[in-house]
Amino acid sequence: MENKIEKRTDSKFIGAGVLAILFTIHGIVELVNKTNAYWVGFGLSGLSLVYLFYLLNKTKDNKNERYDDERKEFISEKSSNMSFNILLGVIVLLNFMIQSNYIVVESSLLIRIMFWIVIPIKFGSYLICKYKY
Amino acid sequence: MKNRIKELREERGLTQEEFARLLDTSRQTIISLEKGKYNPSIMLAHKISKVFNKNIEEVFIFE
């Protein structure tokens with residue numbers, strides 16, 4: 001009955017790496033477009049890298065912590081559901097505000113707003129679920 | 001669901017980290033299990049009871 005389950009790397013490690021790459025690309029795009037916000041991308045990329053190295057250093061004596069287990073998967077699932085519900089609420093609220101002309105935004109700005117809203121929602125719901133379980 | 005994991009682990013002189021290694025899981029999971037914050041899957045519950053050499057009902061208190 002004992003079947004070997006292939007271990008998957010903890011999503012924290014993957015997330016930190018992916019964010020570092022994404023923010024570097026963001027910084028490069030901003031730099032190419034000659035906007036002043038390029039340092040935000042590079043700064044966040046640096047922070048993601050620092051976090052990744054911190055995680056690697058913290059788990060160097062216990063490699064087991066670098067892999068997903070059933071609780072981590074459970075938390076990830078729960079926080080994804082929670083962040084989706086919150087995001088849906090934000091979209092409904094934004095839709096209502098735009099339709100009632102309470103705010104007027106261009107579509108490109110709206111996408112930017114959504115992008116910067118998604119990250120704290122995802123991170124916040126992950127922290128809530130981690131604390132709860 | 002309550003459990004006797006902490007009591008049984010301490011009886012065997014195992015640290016949370018050693019216990020986590022035996023179960024192929026993380027120390028955080030052991031902490032959550034001991035605090036009763038997280039209910040394990042049937043597979044993990046089976047593994048835990050096997051480590052303690054007890055039946056599942058002797059480790060987990062179903063209420």
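Below, read A as the first sequence line, B as the second, and so on, with proteins coming before strands; counting in each chain starts at 1. Only heavy atoms go into these numbers, but all of them, side chains included; no hydrogens, no water, no symmetry mates.
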| message | Which atoms of B:Gln28 are under 4.5 Å from chain A, going by heavy atoms: the side chain, the backbone, both sets, or neither? | response | both
How about [X] and [Y]: do any of their side-chain heavy atoms sit closer than 4.5 Å?
X	Y	value
B:Leu44	B:Leu33	yes
A:Glu70	B:Thr25	no
A:Ile75	A:Lys72	no

| request: Name the member of B:Ser32, B:Pro40, B:Gly36 that forms the most heavy-atom pairs with chain A at distances under 4.5 Å. | output: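 Option with the greatest count: B:Ser32.
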| field | Heavy-atom proximity to chain B below 4.5 Å, by part of A:Phe74 | value |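 Answer is side chain: those atoms of A:Phe74 sit under 4.5 Å from chain B.
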| task | Find the one option among A:Arg66, A:Lys132, A:Glu65 whose heavy-atom pairs under 4.5 Å with chain B are most numerous. | result | A:Glu65
| Within 45° cone and under 6.0 Å: B:Lys37 NZ/CZ vs A:Tyr131 ring |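 The answer is yes, since B:Lys37 meets both limits relative to A:Tyr131.
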